[in-house]
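Both backbone and side-chain heavy atoms feed into the values below; hydrogens, waters and symmetry mates do not.
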Amino acid sequence: MKVVIFGAGLIGSQLAARLGEQGHQVDALGREDGIDTTTGKGVADAVKGADVVVDLTNSPSWAGDDVLAFFRDSTAHLVAAEERAGVGHHVILSIVGADRLTESGYMRAKLAQEAGVAAGGVPFTIVRSTQFFEFIAGIADAGTEDGTVRATPATLQPIASRDVVTHLAEVVTGAPVNGTLEIAGPEALGIDELIRREFRATGDARTVVPDPQAGYFGAVLDDAALVATPGAGAWIAPTTLDEWLRDRD
């Protein structure tokens, strides 16, 4: 297959390597390649001859209006170019629980991205994933003030990025489902506990204080918001947090 990946970050770079190892022709493109999905610059040429396009782009600004415009405009340009080029499968990575956290501007923007894909004329698969282990440190930093981290005890079911890539590679090389799939990690843990385990592994001396009102992407969580949806048949990844913390170095 010829696979074009827009977004060459944490997931995109690993996915490109995995698909290349499997013998597929892969182009992983970022802003440094002269592509601007928000205006459509370079998109039409990039998707020529592609069997599958994977959209892993993200907005440079997470302000509500900015991120909504980013995903709305990027999706419109990508899908339109793919229709003209005869691309057979459009894959995006979205977020488990986006439809349950609509008070978050970022989550509303991801829902707009999903809607744009579903309304387009290209066969598609939407893969909703829980948060990655790699972002726990960033969540901690966002909740830090004066050496103390305030974090919600509401549960998250995080996943290793390498497991995301494993399943995403199967989706990319498979048939479009014209619907949504969920993937999640094997354990549901309070976000405060996730941060404590991260700190124990790294020797970080910050204090973690549970705070049910601590926000997440601008939303207040409950235990059902960011875990695999009951009955949705989510693919559950094998790597636990403790295994990932042990093996990452």
Side-chain angles (χ1 to χ4, degrees), residues 3 5-22 24 26 28 30 54-58 91-98 100-101 106-107 110 125-143 149 151-174 180-204 208 216-217 221 223-230 232-249:
V3 181
I5 302 170
F6 289 93
L10 175 66
I11 301 298
S13 58
Q14 293 182 76
L15 181 62
R18 179 71 58 86
L19 293 171
E21 291 168 358
Q22 295 174 357
H24 301 288
V26 185
V54 187
D55 181 7
L56 300 175
T57 59
N58 206 354
V91 179
I92 67 167
L93 189 61
S94 190
I95 301 172
V96 166
R100 298 191 285 265
L101 290 176
Y106 189 87
M107 298 299 187
K110 291 299 288 185
T125 303
I126 296 166
V127 180
R128 285 185 175 179
S129 174
T130 52
Q131 185 58 278
F132 312 145
F133 291 147
E134 286 85 351
F135 289 166
I136 296 172
I139 296 171
D141 291 344
V149 182
T152 178
T155 53
L156 185 63
Q157 197 170 343
I159 186 170
S161 67
R162 65 190 185 221
D163 289 339
V164 174
V165 169
T166 294
H167 197 68
L168 199 56
E170 294 180 3
V171 170
V172 168
T173 56
T180 301
L181 307 174
E182 287 193 4
I183 61 176
E187 304 170 288
L189 299 166
I191 292 178
D192 60 335
E193 176 61 16
L194 290 170
I195 294 171
R196 288 190 194 96
R197 292 195 192 184
E198 169 83 16
F199 285 0
R200 284 197 296 268
T202 60
D204 197 307
V208 182
Y216 182 87
F217 286 97
L221 303 183
D223 284 338
L226 292 175
V227 298
T229 305
W235 178 78
I236 303 300
T239 307
T240 67
L241 175 61
D242 288 342
E243 289 169 339
W244 179 80
L245 289 170
R246 183 191 66 217
D247 297 342
R248 65 176 170 176
D249 296 327

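Interatomic distance, CG of L189 versus CG of L194, reported as 5.0 Å (0.5 Å rounding). Atoms CD1 and CD1, on I159 and I236 in that order, are 8.0 Å from each other to the nearest 0.5 Å. Distance check: L168 CG to I92 CD1 gives 11.0 Å after rounding to the nearest 0.5 Å. Atoms CD1 and NZ, on I126 and K110 in that order, are 9.5 Å from each other to the nearest 0.5 Å. For the atom pair Y216 OH and Q131 CD, the distance stands at 3.5 Å (nearest 0.5 Å). Atom CG of L226 and atom CG of L101 lie 5.0 Å apart (nearest 0.5 Å).
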*Just do the side chain to side chain contact (heavy atoms under 4.5 Å, CB included) check on L56 and F6 with the steps written out, would you?*
CA-CA 6 Å; L56 300 175; F6 289 93; over 6 Å; no
*After noting the C-alpha distance and the side-chain angles of D192 and R196, does the key distance pass the side chain to side chain contact (heavy atoms under 4.5 Å, CB included) rule?*
CA-CA 6 Å; D192 60 335; R196 288 190 194 96; 3.2 Å; yes
_What verdict does the side chain to side chain contact (heavy atoms under 4.5 Å, CB included) test give for L10 and V164, after you've listed the backbone C-alpha separation in whole Å, the side-chain angles of each residue and the deciding distance to 0.1 Å?_
CA-CA 10 Å; L10 175 66; V164 174; over 6 Å; no
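Ion pairing between a basic and an acidic side chain is recognised when a charged N comes within 4.0 Å of a carboxylate O; E193 and R200 show such pairing. With salt bridges taken as basic N to acidic carboxylate O contacts below 4.0 Å, none links R246 and D242.
The side-chain contact (heavy atoms from CB on, under 4.5 Å) test with V172 is passed by exactly one of T125, V127, V165, L19: L19. Applying side-chain contact (heavy atoms from CB on, under 4.5 Å) to L15 and the options V91, V3, V54 leaves one that passes, V54.
The two residues A151 and I191 have their closest heavy-atom pair at CB-CG2, 4.3 Å. Contact between V26 and G20 at its shortest, heavy atoms only, is CG2-N, 3.9 Å. Contact record, P238 with D163: CD-OD2, 3.6 Å, taken as the closest heavy-atom pair. Across all non-hydrogen atoms, the minimal contact from S161 to E134 is OG-OE2, 2.7 Å. The heavy-atom pair separating I95 from R128 by the smallest distance is O-CD, 3.5 Å. Of all heavy-atom pairs spanning E187 and R197, the tightest one is OE2-NH1, 4.3 Å.
Taking the side chain as every heavy atom from C-beta outward, S129 and L93 approach each other to under 4.5 Å. The closest side-chain heavy-atom distance from I195 to I136 is below 4.5 Å. E198 places none of its side-chain heavy atoms less than 4.5 Å from the side chain of I139.
Donor-acceptor pairing under 3.5 Å is lacking for the side chains of T173 and Q22.
Judged by distance alone, the side chain of T239 and the main-chain N or O of W244 form no donor-acceptor pair under 3.5 Å.
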